[in-house]
Enquirer: 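Encoded as structure tokens, here's the structure I'll be asking about.
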Amino acid sequence: MAAAQPEAQPSSFWQVLEEQVLEEHPDVPRDQLLPWEAWERKHRKRSCDEATTSEPGAGSNGGGGSIAEPFWDALEASLRAEHPHLAREELLPWLKLPRQRRQPAAAAPSAAAPPPPDDTDNGGDSDYEAIGSEEDEAFVAGSSDSTRAGTQPRAAIVPLPDTSGNRWASRNKHKWQCQSTTTKTAPATNLFLADELDKLAAHYKAVGNDEWRYFAFSKQAKKLRDLTWEVTDAKQLLSVRSFGQKSVDKIAELLATGALRRLETMQSTDRAQALAELTKVHGVGCKIASDWYAKGITSVEAAVQSGLMTATQRVGARFYKDLQVRIPRAEVTAIVDAVRVALRATLGARGVPAHAIDGAGDATASGSYRRGKPSSGDVDVLLCRRDGGSDEGLIEQILEYMKAAGVSVHHLTHEEEVQRGRAQRSVRTATCSSYRGIIRLPGYELHRRLDLKLYPPEDFAYALLYFTGSDHFNRSMRHYAKTLGYSLSDHGIVHAVKMAGGKDNCVRGTKNLFEARTEQEIFEKLGLQYVEPSQRNTDVVPIGDAPRRLQ
DNA sequence: GGGCTGTACTG
DNA sequence: CAGTACA
DNA sequence: GCCC
């Protein structure tokens, strides 16, 4: 590209990233927060001239504070082709990107959100029962939000009517899990029991291929974490909805002996162990693992050698060990920021002038990070282009940018061979584009799962609600909407009418019934109380220790 | 005896 | 279409 | 596995 105006030194990808990360985690030691600094120093020493063909993922960060030269050349050339008449500064506006903070949307992971009041126990009875708060409490409008909001006031939101026959659901809102608030701390005994039930659930899902037992057990596990009182006698749970006699028996055994005979037996079989191992690979579920096992494959290594893997599975297998390790919050921040910086550069590359980049799109950390958790299993970033420009190919371009800046990137979806195979289905058919991949920032030890989802602005609030989770929370809220006669998804709320007879009993509308600008508005439209992201969790901190025999 | 959330991507 | 994955 |  050639270095025009060297003194107006553009802030490089890494410089921008560094500023953002430091700002967000003033408390974490610098070298821990910015491991790529060492990497950068090393690469700066090596001259910038060996920087040509980089094997994927090993791009070199040329000196001089800009990203790898080939990237710039290619980028400028392609831009030039698109906009032959633009002046260079117009073409590459990010060169003089102001060092401002980006979107408000990223703020408010709200780990610090005030805990809700509360409150009374309840022996609870209901599906998805809650520990819940007053139904009638006034809806607080200006509560700190996270969704990026219209600022204009809008007319009062009239909740959708409950079209069900008996109206049980809407009269018992507080009994739904999506209206509960997560218990922050819970008796260690309950957490022990919950962990055991989760193991049982995991077994039924991965080995038993029994989705519904999985659902039942993991729901019970979540409820145990939410209980405010300690389970001392399994029979206490009979009064809690979703615990039946069989589960109570299991819990009685756990309380008495500290283990479940049945679980141990089930887990000890060769088949169970093999499936547990094989299903760790991304793209391998119970069915495929079973097929492989039937062919004598009992390890990931053997599966790789068998030649039976798809492209996605091969990538998954390559990194499956790294991916078992949780990601500290500060590293999640760094990865999200990297995506955000790349997004801004990409928008710049598409002709958005520097002063408009802030409003032209955003990258919002979602998932467990937004729920305030100290570590995450993967990194979820919600993308949105807001200036009316095309977002076609945006994800691919962001990833290319990061690659060129030296980030190691491996695709699970959008794999090149895959894309070629499916001929130009270039126009995406769905209204949401959904990427899964594996990345590693330079200087970091481990590869991490990255999920990107790109939505049109009108879907943003619904998408954020979905992508923030948790799993149980989403299912509960959607189930609630369904009970009222609607269907809630990451795109909106539509009518869902139960038809008599037929197996496929539900007829769904296509027209979104409500254009929500914020998450709050969605809750309100469904007649529910707003729940902060940090209160949509499943995990809990123990109070004290479980009795010794249970550890 | 059937429902238990709704959507995207792969092959 | 079935299988897997995402929250 | 639980609930209607």
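Source: prediction; values computed, not measured. Only heavy atoms go into these numbers, but all of them, side chains included; no hydrogens, no water, no symmetry mates.
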Enquirer: Over all strands shown, is K250(A) touching base, sugar-phosphate only, or nothing at heavy-atom distances under 4.0 angstrom?
Expert: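 It contacts sugar-phosphate atoms only.
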Enquirer: Measure from the side chain of A216(A), starting at C-beta and using heavy atoms only, and say which of dG1(D), dC6(C), dT5(B) lies closest.
Expert: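 My answer, after comparing the listed nucleotides, is dG1(D).
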Enquirer: Take atom OH of Y466(A) and atom C1' of dT5(B), then tell me their distance rounded to the nearest Å.
Expert: 11 Å
Enquirer: If I take atom OH in residue Y486(A) and atom P in nucleotide dG6(B), what distance separates them, rounded to the nearest angstrom?
Expert: 14 Å
Enquirer: Base, sugar-phosphate or nothing for V494(A)? Non-hydrogen atoms, less than 4.0 Å.
Expert: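 It contacts nothing in the nucleic acid.
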Enquirer: When all nucleic acid strands are considered with a 4.0 Å heavy-atom cut-off, which category describes D210(A): base, sugar-phosphate, or nothing?
Expert: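 Touches nothing.
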Enquirer: Side chain of K287(A) only, heavy atoms from C-beta on: which candidate in dG3(C), dG1(D), dA7(C) is closest?
Expert: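 From the listed options, dG3(C) comes nearest.
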Enquirer: Between atom OH in Y455(A) and atom C1' in dG6(B), what is the gap in whole Å?
Expert: 10 Å
Enquirer: Between dT7(B), dT10(B), dA8(B), which nucleotide has the shortest distance from any of its atoms to the side chain of S434(A)?
Expert: dA8(B)
Enquirer: Look at all strands and tell whether S368(A) reaches a base, only sugar-phosphate, or nothing, counting heavy atoms closer than 4.0 Å.
Expert: nothing
Enquirer: Choose from dC9(B), dT5(B), dA8(B) the nucleotide whose nearest atom is closest to any side-chain atom of T413(A).
Expert: dC9(B)
Enquirer: What class does the angle between the rings of H472(A) and F215(A) fall in, given that below 30° is parallel, 30 to 60° is tilted and above 60° is perpendicular?
Expert: parallel
Enquirer: Quick one: on DNA chain B, does K453(A) or N474(A) contact a more 5' nucleotide (nearest heavy atom)?
Expert: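 Comparing both residues, the 5'-ward one is N474(A).
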Enquirer: Give the rounded distance in Å between these two atoms: NE2 of H282(A) and P of dG11(B).
Expert: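 The answer, rounded to whole Å, is 11 Å.
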Enquirer: At 4.0 Å (heavy atoms only), tell me whether S366(A) reaches a base, stays on the sugar-phosphate, or touches nothing.
Expert: nothing
Enquirer: For R478(A) and dT5(B), is the shortest distance between a side-chain N/O and OP1 or OP2 below 4.0 Å?
Expert: no
Enquirer: Using atom P of each nucleotide, how far apart are dT5(B) and dC3(D) to the nearest Å?
Expert: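 The same atom, P, in both gives a distance of 15 Å.
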Enquirer: Looking at every strand, decide which applies to F243(A) at a 4.0 Å heavy-atom threshold: base, sugar-phosphate, or nothing.
Expert: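 It contacts sugar-phosphate atoms only.
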Enquirer: Phosphate oxygens OP1/OP2 of dG1(D): is one of them under 4.0 Å from a side-chain N or O of S247(A)?
Expert: no
Enquirer: Across the strands shown, which category fits L465(A) at heavy-atom distances under 4.0 angstrom: base, sugar-phosphate, nothing?
Expert: nothing
Enquirer: Among dT5(B), dA8(B), dC9(B), find the nucleotide with the atom closest to the side chain of K482(A).
Expert: dT5(B)
Enquirer: Return the value, rounded to whole Å, for the distance between atom CE of M309(A) and atom C1' of dG11(B).
Expert: 16 Å
Enquirer: In whole Å, what is the span from the CG atom of D459(A) to the C1' atom of dA7(C)?
Expert: 15 Å
Enquirer: 5'-most contact on DNA chain B: D471(A) or R436(A), nearest heavy atom basis?
Expert: D471(A)
Enquirer: Does S489(A) make a side-chain N or O approach to OP1 or OP2 of dT7(B) shorter than 4.0 Å?
Expert: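 Affirmative; the distance criterion is met.
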Enquirer: Taking the inter-plane angle between the rings of W176(A) and Y480(A) on a 0 to 90° scale, is it parallel (under 30°), tilted (30 to 60°) or perpendicular (over 60°)?
Expert: perpendicular
Enquirer: What is the separation between atom NE2 on H411(A) and atom P on dA8(B), rounded to the nearest whole Å?
Expert: 21 Å
Enquirer: Whether H491(A) contacts dA8(B) is assessed here as follows: a side-chain N or O lying under 4.0 Å from the phosphate OP1 or OP2. Is that the case?
Expert: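 Checking H491(A) against dA8(B): at least one side-chain N or O falls below 4.0 Å of OP1 or OP2.
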Enquirer: Name the nucleic acid region contacted by F217(A), choosing base, sugar-phosphate or nothing; use a 4.0 angstrom heavy-atom cut-off, strictly under.
Expert: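 Sugar-phosphate contact only.
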Enquirer: Passes side chain to side chain contact (heavy atoms under 4.5 Å, CB included), V494(A) versus T510(A)? Steps please.
Expert: CA-CA 6 Å; V494(A) 298; T510(A) 52; 5.8 Å; no
Enquirer: Under 30°, 30 to 60°, or over 60°: which ring-plane class applies to F319(A) and H410(A), parallel, tilted or perpendicular?
Expert: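 Taking H410(A) first and then F319(A), their aromatic rings sit tilted (interplane angle of 30° to 60°).
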Enquirer: Under 4.0 Å from OP1 or OP2 of dC6(C): is there any side-chain N or O of R449(A) that close?
Expert: yes
Enquirer: What nucleotide, of dA8(B), dG11(B), dT5(B), holds the atom closest to the side chain of T312(A)?
Expert: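 Nucleotide nearest to T312(A)'s side chain: dG11(B).
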Enquirer: Determine the interplanar angle of the Y204(A) and F217(A) rings, folded into 0 to 90°, and report it as parallel if under 30°, tilted if 30 to 60°, perpendicular if over 60°.
Expert: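 It falls in the parallel class, under 30°.
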Enquirer: To the nearest Å, how far apart are Y480(A) OH and dC4(B) P?
Expert: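 To the nearest whole Å, that distance equals 17 Å.
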Enquirer: Counting heavy atoms from C-beta on, name the nucleotide in dA7(C), dC9(B), dC2(D) closest to the side chain of K246(A).
Expert: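 Shortest atom-to-atom distance from the side chain points to dC2(D).
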Enquirer: Would you call R318(A) and I438(A) a side-chain contact if the rule is heavy atoms closer than 4.5 Å?
Expert: no
Enquirer: Taking side chain as C-beta onward, heavy atoms only, is V531(A) less than 4.5 Å from E519(A)?
Expert: no
Enquirer: Using the rule for Phe, Tyr, His and the six-membered ring of Trp, do F215(A) and dC4(B) stack at under 5.5 Å and under 30°?
Expert: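 Aromatic stack with dC4(B) absent for F215(A).
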